[in-house]
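Some notes on the structure that comes next.
Predicted, not measured: the structure shown is a model, and the values here were computed from it.
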Amino acid sequence: MNQSANLDPQMQEAVELHRLQRLRDAEMAYRAIIQRQPRNADAHHLLGVLLQQAGHPEQAIPYIERAIAILPGSAQFHSSLGRAHYALSHSEQALAPLRRATELEPRAAATWCDLGAVLQARGEIDEAEKYFRRALVLEPGHVMSRYNLAILLKQRGDIAGAVELMQELLRETPDAPMINTLLAGYLLEAGDVEAALGHCRRAFELNPRDLLAMSFQSIALLRAGDREGARRLVDLDRLVAVRAIEAPPGYGGLDGFNAALERQVLAHPTLEYERRQNATRNGRHTDNLLRERGDGPVQDLRAVLDAAVRAYLDGLPRDGSHPYLAFRPRDWRLQAWAVVMDSGGHQLAHTHPDGWVSGVYYVRVPSAVSEDDPSRAGWIEFGRPLPALLAGAEPDLRLLRPEPGTLVLFPSFFYHRTVPFQSGQHRISIAFDAQPTVGEGHVPPRLDAPAAPAATG
């Protein structure tokens, strides 16, 4: 139940700061309230919501759990806990609180949509569809349920159905950048290149920093015969940078630093074989390594990556007519994850639409990944989109041989993949995104999170 009108003045002020996206001020206000009123469930909950919005869902969870301990009957608290776990890719942990939220408030379409989105992320699309349709029974016009249904139809290979549903949504919400962007991608697969270009242009009008639209526009230009336009947007020579790093002090050099990173990665509790919704094949992948606190080689690498991102951005040419070069974030948060590939390991072509600058640091490279191999096995390749988007067009490519101690940086909208290799040795890398802080970038939602906070009780 929304009871904002009954809040004390300090809580009202904190909620208003939060609504205005003055997140640092709102955070301090919530913390001050919790200091004075340790059993204020709303303050704990909204602080958790704020921390998740600021990109720190791991910090959000304890506050939301505390709110639930104080007031276990709040459906919104359980829903927020599920969203926080989902943001951490903890789909199993997200299910229980979302199911509890539907029990407490069975007529909330948004929660059924959230539950469906988690199941969809787990690959359980038949079950997910049931929950999206249940949300639409409760609220026939529910936008996010139809948005996710369109993605589900695409997953099933029903491109025509996905296009039709996205077009329906766009007629109702013509100023939604992400709907324009996804529709552009679906139209590329459907073969309507000119319409795809039109929706990319509209997406840029609504959100000039839309990385996914940059990817789709480059493909559409290539397929429309404008190779120079595509090449200007995806400038592989100018925008892919290679750097050799210096080892942080205390490791006795680069070999010692890489050995320490390798030990930490191989022992990491989140290292998982072919994680869901991930491009890695025949290999293992961790969760975000930078959620951890304290000392160690990964934290030392954080400082190296931060400095490299700053130098990369500072070194980019100034070009206001280029959608990527026209903007450079002042602040960002880093996310980094390790990839451990076995023989036959590779990554499918993908982009990082939640980032701005992406990169990869090479910790260990098998001896089979050599300069002399004409197949370029184990190399990183830039410029080749997914075959369904490319439809036989031939893009420009750039391949780089990975070397231990080398860092590669590139715009997050560049398609890249790893060429499969055969070896008895691990290929270990640490990939990362520099994501613009709140207010500087666009992160498309999947869950139906509210745009502004509301106190509940």
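Here the straight-line distance linking atom CZ of Arg146 with atom SG of Cys113 works out to 11.0 Å at 0.5 Å rounding. Note that CD of Glu129 and CG of Leu152 are 5.5 Å apart. Values are rounded to the nearest 0.5 Å. One finds the OH atom of Tyr361 at 9.5 Å from the CG atom of Leu305 (value rounded to the nearest 0.5 Å). Atoms CZ and CG, on Arg227 and Leu221 in that order, are 11.5 Å from each other to the nearest 0.5 Å. Atom CG of Leu212 is separated from atom CG of Leu182 by 6.0 Å, given to the nearest 0.5 angstrom. If you take NE2 on His350 and NE2 on His416, they are separated by 3.0 Å, rounding to the nearest 0.5 Å.
Using modelled atom types, no side-chain atom of Gln347 and backbone atom of Arg281 make a donor-acceptor pair closer than 3.5 Å. Without hydrogens or angle criteria, Arg398 side chain to Val240 main chain gives a donor-acceptor distance under 3.5 Å. At distances below 3.5 Å, not a single donor-acceptor pair connects side-chain atoms of Thr181 with backbone N or O atoms of Ala213.
Of the charged side-chain nitrogens involved, at least one lies within less than 4.0 Å of a carboxylate oxygen, so that Arg156 and Asp126 count as a salt-bridged pair. Look at Arg31 and Glu27 and you find a salt bridge, because one of the NZ, NE, NH1 or NH2 atoms lies within 4.0 Å of a carboxylate O, short of that distance. Between Arg202 and Asp175, at least one side-chain nitrogen of the basic residue sits less than 4.0 Å from a carboxylate oxygen of the acidic one, meeting the salt-bridge criterion. Ion pairing between Glu381 and Arg376 fails under the 4.0 Å rule for side-chain N and carboxylate O. With salt bridges taken as basic N to acidic carboxylate O contacts below 4.0 Å, one links Arg231 and Glu228. A salt bridge links Lys154 with Glu189: the distance from a Lys NZ or Arg NE/NH1/NH2 to an Asp or Glu carboxylate oxygen falls below 4.0 Å. Of the charged side-chain nitrogens involved, at least one lies within less than 4.0 Å of a carboxylate oxygen, so that Glu92 and Arg122 count as a salt-bridged pair.
Heavy-atom minimum distance, Ala84 versus Pro57: O-CB, 3.7 Å. Of all the heavy atoms in Asp342 and Phe421, the pair that sits closest is O-CZ, 3.4 Å. The two residues Pro323 and Leu233 come nearest to each other via the heavy atoms CG-CD1, 3.5 Å. Of all non-hydrogen atoms in Phe204 and Asp210, the two that sit nearest each other are CE2-O, 3.6 Å. Closest non-hydrogen pair, Gly82 versus Ala94, comes out as O-CB, 3.4 Å. Closest approach of Trp356 and Leu313 over heavy atoms only: CD1-CD2, 4.4 Å.
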